[in-house]
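Here the structure comes first, spelled out in structure tokens, and everything after it is commentary.
Computed from a predicted model, the values in this text were never measured in an experiment. By convention in this document, chain letters (A, B, ...) are assigned in the order of the sequence lines, proteins followed by strands, and residues within each chain are numbered from 1.
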Amino acid sequence: MFQRPRGTRDFGPEEMTRRRWAESQMRNTAIGFGFREIQLPTFEGLDLFTTKSGQGIVDELYAFEDKGGRMMALRPEMTAQVMRFYIAEMSVQPKPLKLFYFGPCFRYENPQSGRFREFFQLGAEIIGSRTPETDAEVISLAVSTIESTGLKNCRLRIGYIGVLRSMLANAGILDSKISEGLHLLDKNDEKGFSAFASEAGISEEKVAEMLSLRGIGGGEEVLDRVPSDDAKKYLQELSGMMKKIGIRGFEFDLGIVRGLDYYSGMVFEIDAPNLGAEKQVCGGGSYSLIPAFGGEEVFTTGFALGFDRVLIALEKEEFEIQSPGLDAFIIPLGEEARESCMELVSRLRKSGFIVDFDLMRRNLSKNLKYASSAGAKTAIILGTKELSSGTATIRDMVTGDQKEVPLDSIRDFLGSNP
RNA sequence: GCCGGGGUGGGGUAAUGGUAUCCUUGGGGACUGUGGAUCCCUUGAACCGGGUUCGAUUCCCGGUCCCGGCCCCA
């Protein structure tokens with residue numbers, strides 16, 4: 001027996017129905033927002049990812065040498081690829097460029113709830129625009145894709161990493177050290193941060209001010225306490241737009257520090273509280289990653305969404321979608337009916353009905369049982385009796401009512417009894 | 001990388017130091033056109049390796065995988 005690799009999953013028919021449904025809801029939402037889909041390779045040269053995230057991530061990648069001696073890696077996320085693609089082939093496209101993508105990603109991690117080695121992400125970016133409405137559009141898409149799946153219970157928090165970033169910079173911290181400081185704040189490591197700051201010659205007063213930023217969280221009113229006028233104005237403007245487009249119940253949280261260096265302004269996170277330890281379903285913000293990849297500076301706002309986590313959260317809310325089932329299951333009785341049955345099947349399929357028929361030459365009662373378990377709406381019985389009169393017997397699988405219908409009229413009969 | 005709890009047919013389970021119960025599912029039959037039922041038959045299982053033992057599914061150790069948590073989180 002073969003075992004599935006650790007941290008991967010098989011998706012059976014029922015689960016796949018659910019996944020495809022959710023995926024198409026999200027995809028349609030993005031298209032409705034004017035985003036266009038791209039698809040990029042599942043593996044890339046290793047350096048694409050180390051350039052973005054540092055050498056340290058190699059431990060957490062599926063990295064390998066190919067037969068040509070090149071170092072490659074399965075993608076752990078897709079943002080770096082989008083940047084590569086943009087610089088190589090899309091940089092002269094009209095701005096703003098609104099792109100989205102969906103696909104599997106891979107990380108060598110220890111599996112737990114909501115955490116797998118192969119997982120699926122949906123992401124979107126707006127490239128080349130830098131206005132509050134750009135940020136609002138991205139957040140709005142993130143929220144809408146999640147809501148489009150029927151998920152009710154989630155929490156949006158919006159922050160502004162630019163405030164801390166500029167405070168650290170103004171205090172004279174080198175660019176190369178800023179992310180270290182942010183990281184300490186992210187972990188709520190006050191002692192560590194104080195030590196880091198005093199080493200860099202920052203006054204205690206300033207340190208206290210920076211630490212207090214983390215306490216700024218709540219509704220619009222907390223924006224008065226934002227120390228930077230630019231950031232305050234920006235967030236107030238954003239807040240007004242969010243209200244206009246109907247996004248409610250979000251909070252501001254100046255304590256959000258997204259792990260990576262490249263976020264520069266607005267940042268946001270969406271949690272699904274019923275998920276347990278791995279409850280973040282979406283994260284994003286505005287950044288400029290492109291110079292690091294060898295392009296001109298272009299502002300971008302984007303997000304990545306954990307598709308699997310959304311589905312787990314949906315399951316916990318006991319959300320159910322109805323799977324399509326069969327419009328008809330066709331049962332031939334006797335040798336002579338078999339070919340007529342297949343002819344009818346083919347005709348109905350060409351008319352767009354979801355139709356299946358008996359492949360195992362079973363008797364009527366077993367066939368009805370099978371039709372029932374396959375979720376067929378009707379069973380169509382075609383035997384010698386019917387053949388001689390050019391009809392078929394259509395049995396409603398819910399009510400049990402039966403009716404003899406001329407072969408030519410079956411299409412209309414099925415169409416009129418949805 | 002670390003910690004806790006687990007692993008018996010496809011799914012769900014029972015008992016047990018002497019190779020395994022029941023339910024469900026799958027296949028077939030009774031059965032010659034309505035029995036989506038019922039009854040009968042049937043396929044199918046101890047995660048892997050080592051140890052203790054006359055004998056291990058059971059006890060011990062290691063690995064592996066699953067569930068959950070820590071770390072990390074692009």
Give a yes/no answer on whether the side chain of A/R362 brings an N or O atom under 4.0 Å of OP1 or OP2 in B/rG29.
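Looking at the OP1 and OP2 atoms of B/rG29, neither is under 4.0 Å from any side-chain N or O of A/R362.
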Within the structure, does a side-chain N or O atom of A/R107 lie under 4.0 Å from either OP1 or OP2 of B/rA74?
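Looking at the OP1 and OP2 atoms of B/rA74, neither is under 4.0 Å from any side-chain N or O of A/R107.
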Across the strands shown, which category fits A/G7 at heavy-atom distances under 4.0 angstrom: base, sugar-phosphate, nothing?
sugar-phosphate
Mate of [N] where both pairing distances stay under 3.5 Å, Watson-Crick or G-U:
N      : value
B/rC72 : none
B/rG36 : none
B/rU19 : none

ring-ring contact (aromatic ring centres under 6.0 Å, His included) partners of residues 375-411 of chain A, not counting sequence neighbours, each pair once:
none
Atom pairs and distances, donor-acceptor, side-chain atoms in residues 155-162 of chain A, under 3.5 Å, two or more places apart:
{"from": "A/R157", "atom 1": "NH1", "to": "A/D253", "atom 2": "OD2", "distance (Å)": "3.0"}
{"from": "A/R157", "atom 1": "NH2", "to": "A/E269", "atom 2": "OE1", "distance (Å)": "2.7"}

Side chains of A/N274 and A/E317 in contact at under 4.5 Å (non-hydrogen atoms)
yes
Less than 4.5 Å apart, side chain to side chain, heavy atoms only: is that true for A/Q93 and A/Y86?
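No - every pair of side-chain heavy atoms lies 4.5 Å or more apart.
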Residues of residues 288-304 of chain A with any non-hydrogen atom less than 4.0 angstrom from an atom of RNA chain B: list those, numerically ordered, please.
none
Residues of residues 273-284 of chain A with any non-hydrogen atom less than 4.0 angstrom from an atom of RNA chain B: list those, numerically ordered, please.
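Of all residues in residues 273-284 of chain A, the ones placing a heavy atom under 4.0 Å from RNA chain B are A/G276, A/A277, A/E278.
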Identify each donor-acceptor pair in which a side-chain atom of residues 294-308 of chain A lies under 3.5 Å from a protein atom, sequence neighbours left out, and give them as a table.
{"from": "A/E297", "atom 1": "OE2", "to": "A/S288", "atom 2": "OG", "distance (Å)": "3.1"}
{"from": "A/T301", "atom 1": "OG1", "to": "A/D135", "atom 2": "OD1", "distance (Å)": "2.8"}
{"from": "A/D308", "atom 1": "OD1", "to": "A/R9", "atom 2": "NH1", "distance (Å)": "3.0"}
{"from": "A/D308", "atom 1": "OD1", "to": "A/R9", "atom 2": "NH2", "distance (Å)": "2.9"}
{"from": "A/D308", "atom 1": "OD1", "to": "A/R19", "atom 2": "NH1", "distance (Å)": "3.3"}
{"from": "A/D308", "atom 1": "OD1", "to": "A/R19", "atom 2": "NH2", "distance (Å)": "3.1"}
{"from": "A/D308", "atom 1": "OD2", "to": "A/F120", "atom 2": "N", "distance (Å)": "2.7"}

If a protein heavy atom is under 4.0 Å from the base, mark B; if only from the sugar-phosphate, S; if neither, -; do that for nucleotides 30-42 of chain B going 5' to 3'.
-S-BBSBS-----
Whole angstroms only, please: what is the CD-C1' distance between A/E77 and B/rC72?
15 Å
For the student: nearest non-hydrogen atoms of A/R75 and A/P41, plus distance
NH1-O, 3.1 Å
